[in-house]
**Q** 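Can you read through this structure? Questions will come right after.
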Amino acid sequence: MTINILLEKAICDTLKALFDFDLATSAVLLQPTRKEFDGSHTFVVFPYTKLSKVSPEETGKIIGEHLLQTVPQVASYNVVKGFLNFVIKDSFWINTLQDIVLDKTFGNHAANGQKVMVEYSSPNTNKPLHLGHLRNNFLGFSVANILQANGYEVIKANLVNDRGVHICKSMLAYQKFGNGETPESSGLKGDHLAGKYYVEFDKALKAQNATLETAGWSAEDIEKKNPMLLEAQDMLLKWEQGDKEVVDLWKKMNAWVYDGFNKTYKTMGVSFDKFYYESDTYLLGKEVVEEGLKSGVFFKKDNGSVWIDLTAEGLDEKLVLRGDGTSVYITQDMGTAELKYKEFGINKSVYVVGNEQDYHFVVLKHIMKKLGRPYADGIYHLSYGMVDLPSGKMKSREGTVVDADDLMQEMITTAGEHTAALGKIDDFTPEQAQQLYTTLGMGALKYFLLKVDPKKRMLFNPQESIEFQGHTGPFIQYTHARICAILRKAASMGHQDFTSLTFNINKLENCEKEVIIALSQFPDKIKEAGDEYAPSVIANYIFELAKDYNRFYNEVSVFNEPDQEVFMFRIAFSGAVASVIKKGMLLLGIDVPEKM
RNA sequence: GGACCUGUAGCUCAAUUGGAUAGAGCAUCUCACUACGGAUGAGAAGGUUAGGAGUUCGACUCUCUUCAGGUUCACCA
C-alpha cells in the first residue's frame, strides 16, 4: 500500500471518528507539499470547517493530532492557514527506496486486458516529412509507450495516404519534367525526389495560371478548368480504372518514397505494428452507410446524397456519401474504424492528428455512437497544434518547410560539435561517437517537442529554440551519464548488486528525502500521462527528478562519506534515480547514454 | 457570421484539475569546486495570469463579456 492510499484512508477514518462524517477515500484531496513548507503531503481542510465548527487552523490541528496518534508512519504535522502538512518518518522513505530498488518493473502498471490502437504518422506519399510530422511521430510513439506502461496491449498503426489527386500531381510533374530521373541518378532520397516534383507541379500550375489570366480567363475558370489540374484529375480517374501505365508509375514512385520514409523513421526511432494503405481502404464504409440508412441514422436527399443530422448535438448536417454514390473522407474513416475493430477487437482507438481536424473527429465519434458501435466511446482524437516558424506558416507546396531529415541531421551535427569540444569521449570509436551524437541530437529535438502540452501550437526558432542546457533532453541525459560514472566507480570497488542490500541507516538528508519522494511518484505520473495522453507529464516529471538529484549531488558527497552504510545507501539511491530517468526517457522515445 | 482552440516574466514553457507568496529554463547580474563529470549548483532581478464583471473561505483554473491570434464550417483529403 502506498503512503498516499494509507493517508487517504486514515483521513477518512479520522473524519468518521471525529465528526461522524463519511467520505470516500477517492474524494480525499491530498497534494504534495510545497517545497517551502515542512512535510511531504498536504491535506486541505477548508471544506471541513463546517463539520468541526472551528477555525481552519483548529480543524487542521484536530485532524493532524488524530493522525499522529493513529498512523505510525507520521512523524509530525504542522498547520499553515488551512493547510495540514504531514511529515513522514525517514524510516518510511528509506523503506520506500528499498522497495524501488527491488522492483524491476517499478513504475509500470499491471496488464489491464484492454487493447488500444494508436494511429500516428499517416504521411502523404507525395512529399517528404517535415517539422509538423516530427511532432506527430514523437507524440504517437511516446503515447503508445505510455499506454503500454499503463497495462494496455498497444498496436501502433500507420495509415498511409498513398492515393488522391495530390499524389497524381507529383506523378504528372514527374512524367512531364522527370526525364527518367531516379533516386540513384539524382542522389536524392526517394521521398525528396517525389517532393521535388510536387513543388514542380505547383510552379508549373502557377505559371500556367498567369498565362491564362493574361489570355483573359476568369478567376473561376482558372481555378476549375486549368488544363494541368484537369490532367491530374484525369490521371486519378485512370488510376482508379487500373490503367497500367499510371499504376506502374504510381508503384514505382511510391516505392521510392517508402524507401525514403523508412530511413527517416529509423532516424526518428519510431516503429509500427500495422500499416494501412488508403489505396486499400478508400472504398470502405459504404456498407456502414447502407446500414445507417436502414436504421434511420442517415437520410437520403433528392439527389441521392446521404447525410446525418447532427443539429441536436449542436453541429450541422454532414454529408456521408455523395449523390453519385462515391465516398468522401468521413465515409472512408467510418469504414476504417470498422476494419480496425474487426481486425483487432480494440477497446480504444487513438488518432494522432493535427487540430485542423478537430471537427472531423467530433463528427466521426458522434456517427459511430449513433450507429451503436461498441468502440465509439473509445475513440480519442489526440489533437496537437501546429508548429510555427518565425517566418510564418510552412507550405509544402511552395517548399517553404523545415524538412525533417535536414533538421534531424542538423541537430545531430550540432550535438557532435558540442560534445567534441568538451573532449570527454576521446576513447570512443568513430561509430560509438556517431551513435552518441544521434542520441543527444535526437534527445534534444524530441524533448523540445514533447515537453509542451500537445494542443498548444508552438513556435520553432531553429537558431534559438534548441538548447543543450537547462530544461532540455541533454540536461537529463547528462544527469544520467553522471550517475553512471558513479556506478562505474562503485562497481570497480566491488559494489554492483544492491538487491540483497539492507539499508541500515536511520536518517536522511533533506535533499535525499526530496529525491525519494520524487521517485515514489513515478507510477502515479505514468498513470496521469496515460489518462491524459500527455507525454509532457513524463517530460516535466523527469526534469524535476534530475534537478532534485543534481542538488543532492552538489550538496553531499558519495565517495567521501565515512559511514559505510550511508555510502552504500547513496550508491543504491543513485542507481535507482538513473533507472527511473532511463525508463522515463524511454517512454518519451529518448535514449540515455552512459557516457557523454 | 457560427463552432472550437489558444492568450501566464523580455523569450520558451509549468502550475498536482478550485488551494498556500503563480513556478522552471533561456537571456541579464552575483556567487560556489585542488570534485564523484561545470552540459552543474546557490542567489538576485523579472508578473494587474490579455482587459472587465460574476460565483466563494479561496480563481491562471468555473460562468458571462470584450479584445487579440489561430483552426474549422466543401458532393477536397
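All chains are named by letter (A, B, ...) in the order of the sequence lines, taking the proteins before the strands, and each is independently numbered beginning at 1.
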**Q** Do A:T42 and B:A20 share a donor-acceptor pair, side chain to base, under 3.5 Å?
**A** yes
**Q** Compare the ring of A:F83 with the six-membered ring in the base of B:A20 and state whether they stack (centres under 5.5 Å, planes under 30°).
**A**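 Taking the rule of under 5.5 Å and under 30°, the ring of A:F83 does stack on B:A20.
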**Q** Using the P atom in both, what is the distance from B:U30 to B:G69, to the nearest Å?
**A** 41 Å
**Q** Using both distances under 3.5 Å as the test, list the Watson-Crick or G-U wobble partner of B:G7, or none.
**A** B:C67
**Q** When you measure only distances, ignoring hydrogens and angles, does the side chain of A:N85 come within 3.5 Å of the base of B:A20 through a donor and an acceptor?
**A** yes
**Q** Does any part of the side chain of A:M493, heavy atoms only, come nearer than 4.5 Å to the side chain of A:F559, both counted from C-beta?
**A** yes
**Q** Applying the Watson-Crick and G-U wobble criteria at under 3.5 Å, what pairs with B:C29? Answer none if nothing qualifies.
**A** B:G43
**Q** Return the orientation label for the A:Y329 and A:H360 ring planes: parallel under 30°, perpendicular over 60°, tilted otherwise.
**A** parallel
**Q** With side chains defined as the heavy atoms from C-beta onward, is the minimum distance between A:I571 and A:V558 less than 4.5 Å?
**A** yes
**Q** Tell me what A:D316 touches on the nucleic acid: a base, only sugar-phosphate, or nothing, going by heavy atoms under 4.0 Å.
**A**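 Answer is sugar-phosphate: A:D316 comes under 4.0 Å of backbone atoms only.
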**Q** Quiz question: going by heavy-atom distance under 3.5 Å, is there a donor-acceptor pair between the base of B:A14 and the side chain of A:S536?
**A** no
**Q** Suppose you measure atom C1' in B:G46 against the same atom in B:C62; what distance do you get, rounded to whole Å?
**A**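 One C1' to the other, the span is 30 Å.
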**Q** Using a 4.0 Å heavy-atom cut-off, does A:V556 contact any base of the nucleic acid, only the sugar-phosphate backbone, or nothing at all?
**A** base
**Q** Give the nucleotide from the list B:G37, B:C73, B:C5 with an atom nearest to the side chain of A:R488.
**A** B:G37
**Q** In whole Å, what separates the C1' atom of B:U49 from that of B:U6?
**A** 14 Å
**Q** Let's test this: given Watson-Crick or G-U wobble pairing with both distances under 3.5 Å, identify the partner of B:U61.
**A** none
**Q** Contact class for A:P56 (heavy atom, under 4.0 Å): base, sugar-phosphate, or nothing?
**A** nothing
**Q** Suppose you measure atom P in B:A50 against the same atom in B:C13; what distance do you get, rounded to whole Å?
**A**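 Between the two P atoms, the distance is 15 Å.
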**Q** Side chains of A:L172 and A:K169, heavy atoms from C-beta outward: is any pair under 4.5 Å?
**A** no
**Q** Using purine N1 to pyrimidine N3 plus N6-O4 or O6-N4 for Watson-Crick, or N1-O2 and O6-N3 for G-U wobble, each under 3.5 Å, what pairs with B:A22?
**A** none
**Q** Suppose you measure atom P in B:U55 against the same atom in B:U63; what distance do you get, rounded to whole Å?
**A** 16 Å
**Q** Would you mind reporting whether A:F83 and A:R34 have side-chain heavy atoms less than 4.5 Å apart?
**A** no
**Q** Please give the distance between the C1' atoms of B:C67 and B:G51 as a whole number of Å.
**A**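 These two C1' atoms come out 7 Å apart once rounded.
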**Q** For A:E313, answer base if it contacts any base atom (sugar-phosphate contacts may also be present), sugar-phosphate if it contacts only those atoms, and nothing otherwise; contact means non-hydrogen atoms under 4.0 Å.
**A** nothing
**Q** With the stacking rule set at 5.5 Å and 30°, tell me whether A:F543 counts as stacking on B:A24.
**A**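 Stacking between A:F543 and B:A24: absent.
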**Q** Judged by each residue's nearest nucleotide on RNA chain B, which is more toward the 5′ side, A:S327 or A:V44?
**A**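 Result of the comparison: A:V44.
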**Q** At under 4.0 Å between heavy atoms, what does A:V328 touch on the DNA or RNA strands: base, sugar-phosphate, or nothing?
**A** sugar-phosphate
**Q** So A:N161, base contact, sugar-phosphate only, or nothing? Heavy-atom distance under 4.0 Å.
**A**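 Sugar-phosphate: the residue A:N161, judged by heavy atoms under 4.0 Å, touches backbone atoms but no base.
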**Q** Using the C1' atom in both, what is the distance from B:A15 to B:G23, to the nearest Å?
**A** 7 Å
**Q** Across the strands shown, which category fits A:G164 at heavy-atom distances under 4.0 angstrom: base, sugar-phosphate, nothing?
**A**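 Since no nucleic acid heavy atom lies under 4.0 Å of A:G164, the category is nothing.
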**Q** Counting only side-chain heavy atoms from C-beta out, which of B:G38, B:U21, B:C13 sits nearest to A:K81?
**A** B:U21
**Q** Is A:R163 near enough to B:A77 that one of its side-chain N or O atoms lies under 4.0 angstrom from OP1 or OP2?
**A** no
**Q** Choose from B:C36, B:G37, B:A77 the nucleotide whose nearest atom is closest to any side-chain atom of A:H166.
**A** B:A77
**Q** Compare the minimum distances between each of B:A39, B:G38, B:U16 and the side chain of A:P474, then state the nucleotide with the smallest one.
**A**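 Output: B:A39.
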**Q** A:K547 or A:F559: which one's nearest nucleotide on RNA chain B is closer to the 5' end?
**A** A:K547
**Q** Please give, in whole Å, the distance from B:C5 C1' to A:Y359 OH?
**A** 16 Å
**Q** Using a heavy-atom cut-off of under 4.0 Å over every strand shown, decide if A:N124 touches base, sugar-phosphate, or nothing.
**A**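 Counting heavy atoms under 4.0 Å across all strands, no contact is made by A:N124.
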**Q** Under 4.0 Å, heavy atoms only, any strand: does A:L321 hit a base, just the sugar-phosphate, or nothing?
**A**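 Since no nucleic acid heavy atom lies under 4.0 Å of A:L321, the category is nothing.
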**Q** Indicate the atoms forming the closest heavy-atom contact of A:A518 with A:Y541, along with that distance.
**A**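 Shortest heavy-atom contact: O-OH, 2.7 Å.
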**Q** Please report the distance separating the P of B:U8 from the corresponding atom of B:G54, rounded so that it comes out in whole Å.
**A**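 The answer is 24 Å between these two P atoms.
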**Q** What nucleic acid atoms does A:L315 come within less than 4.0 Å of, heavy atoms only: base, sugar-phosphate, or nothing?
**A** nothing
